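Let me begin by presenting the structure, written as structure tokens, before commenting on it.
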2 protein chains.
Amino acid sequence: MPGMIRNTRQRDAIRRAFEDAGRPLAPEQVLAAAQRSVRGLGIATVYRNIRALLEEGWLTPVELPGLPTRYELAGKAHHHHFQCRGCGHVFELEGCAITTHHALPRGFEITGHEVVLYGFCPECSSSKSKQAL
Amino acid sequence: MPGMIRNTRQRDAIRRAFEDAGRPLAPEQVLAAAQRSVRGLGIATVYRNIRALLEEGWLTPVELPGLPTRYELAGKAHHHHFQCRGCGHVFELEGCAITTHHALPRGFEITGHEVVLYGFCPECSSSKSKQAL
DNA sequence: ATCGTTGCAAACTCTTTGCAGGATT
DNA sequence: AATCCTGCAAAGAGTTTGCAACGAT
């Protein structure tokens with residue numbers, strides 16, 4: 001059976017990193033998480049496996065303004081994201097409350113949209129007073 | 001008079017690039033535009049001047065998912081952006097029609113948002129049938 | 001004549017690729 | 001055993017910085 005994908009400790013650890021996180025992760029975050037199971041794991045392997053998991057349809061890219069691309073489990077319903085200004089973590093939000101009617105100049109045709117909300121996650125919200133942002 | 005900012009052909013050309021474009025520009029686009037007035041202009045100079053114009057408050061960054069940061073004239077009212085899937089250009093949209101109430105999990109505090117619309121600009125919309133996208 | 005500014009090249013960061021050794025089937 | 005996968009190091013893209021020469025004041 002040629003061309004078959006093999007299961008390696010590295011790939012398992014990378015998959016588990018996404019499953020356990022439950023939120024979009026950037027390559028460096030995946031590395032940090034997966035290195036807890038597989039010491040010596042290289043960043044190149046993380047990038048290669050992310051790419052493989054994208055092609056396989058197991059991951060989708062989450063691109064946020066000004067941030068390195070993150071990735072999350074694929075197959076979810078249309079949704080958007082939230083970034084905490086405290087810890088920087090990105091969370092998934094359910095649903096979509098955009099009314100697609102901006103003041104759109106004539107001749108423009110809309111095919112899609114992206115929404116990102118910013119603020120503080122529960123954890124940072126409660127500890128905000130103690131921090132110097 | 002120490003610490004005074006000087007006017008150079010390069011800086012003028014870079015400022016003019018933004019004024020003439022009327023839409024957010026990425027460093028490479030600024031370089032291309034400004035080189036029409038100043039041949040030999042280097043990309044480092046573009047980056048340095050963009051940074052200076054940011055600190056001066058003349059420019060604001062426009063960060064879009066998955067794209068190099070663009071910059072536009074500062075001081076405009078709250079607005080969002082549109083990227084054309086045909087030519088890739090980014091346009092400014094007036095107004096903001098987001099209802100800030102997504103299905104937000106408990107404990108999250110919203111302080112801001114970003115909206116990007118995608119589609120086709122008038123030019124690309126009319127020539128779409130001729131292209132193989 | 002100062003000293004801010006420029007262009008070039010080197011440094012950096014993030015991501016991708018080449019290659020020899022190692023691991024899975 | 002075959003060959004996919006990994007780690008390391010080198011190579012690319014985009015951005016920043018060091019430095020000597022240039023040029024605005």
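Quantities reported herein were computed from a predicted structural model and do not represent experimental measurements.
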- [ ] Identify whether the distance between the nearest side-chain nitrogen and carboxylate oxygen of E92(A) and R23(A) falls below 4.0 Å.
- [x]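 Looking at E92(A) and R23(A), the cut-off is not met.
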Open item on the list: Tell me whether D12(B) is salt-bridged to R15(B), with the criterion being a basic N under 4.0 Å from an acidic carboxylate O.
Closed with: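 A salt bridge is present here (some side-chain N lies under 4.0 Å from a carboxylate O).
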Over how many whole Å does the gap from [X] atom [atom1] to [N] atom [atom2] extend?
| X | N | atom1 | atom2 | result |
| --- | --- | --- | --- | --- |
| R39(A) | dT6(D) | CZ | C1' | 16 Å |
| E55(B) | dT16(D) | CD | P | 11 Å |
| L67(A) | dC14(C) | CG | P | 12 Å |
| N49(B) | dT16(D) | CG | C1' | 14 Å |
| L31(A) | dT6(D) | CG | C1' | 13 Å |
| D12(A) | dA23(C) | CG | P | 16 Å |
| E28(A) | dT13(C) | CD | P | 11 Å |
| Q35(A) | dG7(D) | CD | C1' | 12 Å |

For a quick check under 3.5 Å, do [X] and [Y] share a side-chain donor-acceptor pair by atom type?
| X | Y | answer |
| --- | --- | --- |
| S125(B) | E109(A) | yes |
| H113(B) | H80(B) | yes |
| H81(A) | E72(A) | yes |

Dump every N/O contact between nucleotides 8-12 of chain D and the protein below 3.5 Å, one line per pair.
none

TODO: Please confirm whether Y118(B) and F82(B) have ring centers closer than 6.0 angstrom.
DONE: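 No, ring centres 6.0 Å or more apart.
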Open item on the list: With nearest nucleotide decided by heavy atoms, which residue, P27(B) or V38(A), maps closer to the 5′ end of DNA chain D?
Closed with: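 Taking each residue's closest nucleotide, the earlier one in sequence belongs to V38(A).
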Open item on the list: Could you see if V30(B) belongs to whatever hydrophobic cluster contains V38(B)? Use Ile, Leu, Val, Met, Phe, Trp, Tyr and a side-chain cutoff under 4.5 Å.
Closed with: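 Per the 4.5 Å side-chain linkage, V30(B) and V38(B) are co-clustered.
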Open item on the list: With a 4.5 Å cut-off on side-chain heavy-atom distances among I, L, V, M, F, W and Y, is there a chain of contacts connecting V115(B) to L64(B)?
Closed with: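 No, no single cluster joins them.
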TODO: Report yes if a side-chain nitrogen or oxygen of Q10(A) is closer than 4.0 Å to either non-bridging phosphate oxygen (OP1 or OP2) of dA23(C); otherwise report no.
DONE: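 Negative; the distance criterion is not met.
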Open item on the list: Taking 4.0 Å as the cut-off, does a side-chain nitrogen or oxygen of R51(A) come that near to OP1 or OP2 on dT17(C)?
Closed with: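 Looking at the OP1 and OP2 atoms of dT17(C), one of them is under 4.0 Å from a side-chain N or O of R51(A).
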Open item on the list: Please list all pairs meeting salt bridge (charged side-chain N to carboxylate O under 4.0 Å, His left out) that have one or both residues in residues 39-68 of chain B, counting only residues at least two apart or in different chains.
Closed with: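 Matches after skipping sequence neighbours: none remain.
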Task: Nucleotide-resolved protein contact map, nucleotides 20-25 of chain D, B/S/- at heavy-atom distance under 4.0 Å - done: ---BBS
